[in-house]
Amino acid sequence: MTPETLRDRLLAWYDANARDLPWRVGPADRALGVRADPYRVWLSEVMLQQTTVPHATPYFLKFTHRWPSVGDLAAEDDGEVMAAWAGLGYYARARNLLACARAVARDHGGVFPDTEERLRALPGFGPYTAAAVGAIAFDLPTNVVDGNVERVMSRLFAVETPLPDGKTELKALAAALVRDHRPGDWAQALMDLGATVCRPKAPLCDRCPVAEFCAGLAGGEPETYPRKTPKAARPHRNGVAYILTRGNEVALVRRPPKGLLGGMLALPTSDWRATGWSDEEAAAAAPVGADWRAVGEVEHVFTHFSLTLRLLRAEGDAGGLIWTPRSGLDALPSVFLKAARAGLSNLI
DNA sequence: TACCCGTGGCA
DNA sequence: TTGCCAAGGGT
């Protein structure tokens, strides 16, 4: 099978099997000349970074309803956007999202630039996002390489070099298939194939439009690609979260702008360390003096460490805290929402 | 370059 | 239960 035949097969498959996604202009409409809104394409691409479609979708609908244009988003307050992002994770994306929206509003007249190079210069635009927005929103023949495309290429060509070292080789293989014809559909076809057929586990090779081209399938174990270097073990840390209530309100803090959960509202915490905390030690380290009572603990897993958070609760008052009604706790990252719910529960 | 940075679903 | 996994970017 020639590369041109492979392309024809995959694009035809996409025409018949494209996923219907809220940020997507499908192949039928694109054939009529309809273009996707760069703002919506960009927003979806950022939300989908390392995030599943089911998890990102409600956030996309919420954001586009509340901020229909990049100018609307650029004019919003930081805290509102960070609160709306809460629960989606990787909060640097939200900080960069705002920085990018404001750069587009200020430096580009509210219009996304239409070259890969100038997109790449915007905050939060790495190689992937610049290529994806360029292809999907502007039909530029860019090389869009995400985890899906890496997996598809590694199987099609039975690439033995483990990731991440194999990225260069996989990217070159993908580049050799890019043409000026339907570049936006091509990028989305590759990613849809990776997401629905050439899946990480249990690929559906009997439904694959390019199976006869696939060296990984010919070798008998397509699911073993891409090869990967083993990951380091995840360390464990221990911390204390303090739940100070004043009637219906809970005391929160704003975390520093960079680092873990940067810029997000949070419960006050101790430092997070390898050794555990006794109740006495935890109370002594509290941000304010109060009659602290141990009310349990929660477990949470981050990308590179796991955490046991001991929960101390007290009723009291203090300055320098962000007093928030219980109904406002949905502005918290998941780890603190989980901790607050557990600590405020009457079941303890 | 290697490490940092969330979350929830699933086998 | 544990580890793997999802449309990566920043530093």
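Numbers restart at 1 for each chain; the letters A, B, ... are given by sequence-line order, proteins then strands.
- A salt bridge does not link A/Asp78 to A/Arg95: none of the charged side-chain nitrogens sits closer than 4.0 Å to a carboxylate oxygen.
- For the P atom pair drawn from B/dG8 and C/dG9, the interatomic distance equals 22 Å after rounding to whole Å.
- Within the 4.0 angstrom heavy-atom criterion, only backbone atoms of the sugar-phosphate kind lie near A/Val335; the bases stay farther away.
- By the 4.5 Å side-chain criterion applied to Ile, Leu, Val, Met, Phe, Trp and Tyr, A/Trp277 is assigned to a cluster that also includes A/Val240, A/Tyr242, A/Leu244, A/Val253, A/Val288, A/Trp292, A/Leu312, A/Leu321, A/Trp323.
- Residues from residues 56-76 of chain A with heavy atoms under 4.0 angstrom of DNA chain C: there are none.
- Counting heavy atoms from C-beta on, the side chains of A/Leu344 and A/Leu329 come closer than 4.5 Å.
- C/dA7 and B/dC3 are spaced 22 Å apart, taking the C1' atom of each and rounding to whole Å.
- Looking at A/Glu169 and A/Arg227, no side-chain N of the basic residue comes within less than 4.0 Å of a carboxylate O on the acidic one, giving no salt bridge.
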Test log, rule ring-ring contact (aromatic ring centres under 6.0 Å, His included), inputs A/Phe63 and A/Trp85: CA-CA 9 Å; A/Phe63 269 65; A/Trp85 195 276; 5.8 Å; yes

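- The NZ atom of A/Lys231 sits 7 Å away from the C1' atom of C/dC4 (whole-angstrom rounding).
- In summary, of the residues considered (A/Tyr39, A/Phe60, A/Tyr59), a ring pair (Phe, Tyr, Trp, His ring centres under 6.0 Å) with A/Trp23 occurs for A/Phe60 alone.
- Mapping heavy-atom proximity under 4.0 Å, the span of DNA chain B touched by chain A runs 5' to 3' from B/dC4 to B/dG8.
- B/dC5 and C/dA6: their C1' atoms are spaced 15 Å apart (whole Å).
- If you chain together ILVMFWY residues whose side-chain heavy atoms come under 4.5 Å of each other, A/Val301 ends up in a group of its own.
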Summary of protein contacts for nucleotides 6-11 of chain C, nucleotide by nucleotide, where a base hit scores B, a sugar-phosphate-only hit scores S (4.0 Å, heavy atoms): BBBSS-

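- Residue contacts shown for A/Ser334 are limited to sugar-phosphate atoms, with no base heavy atom under 4.0 Å away.
- Contacts of A/Leu88 with the nucleic acid, taken as non-hydrogen atoms under 4.0 Å apart, include base atoms.
- Between A/Lys338 and A/Asp165, the residue whose closest nucleotide on DNA chain B is further toward the 5' end is A/Asp165.
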Worked check of ring-ring contact (aromatic ring centres under 6.0 Å, His included) between A/Phe302 and A/Phe305: CA-CA 5 Å; A/Phe302 293 97; A/Phe305 68 96; 4.9 Å; yes

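- Taking a cutoff of 4.0 Å between a charged side-chain nitrogen and a carboxylate oxygen, A/Arg182 and A/Asp15 qualify as a salt bridge.
- Among the heavy atoms of the strands lying under 4.0 Å from A/Gly87 are primed sugar atoms or P, OP1, OP2 only; no base atom is included.
- Judged by closest nucleotide on DNA chain B, A/Val301 is the one of A/Val301 and A/Lys201 placed further toward the 5' end.
- Taking A/Phe112 as the reference, A/Trp42 meet the ring pair (Phe, Tyr, Trp, His ring centres under 6.0 Å) condition, with sequence neighbours excluded.
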Derivation of the side chain to side chain contact (heavy atoms under 4.5 Å, CB included) call for A/Thr129 and A/Leu122: CA-CA 10 Å; A/Thr129 305; A/Leu122 291 166; over 6 Å; no

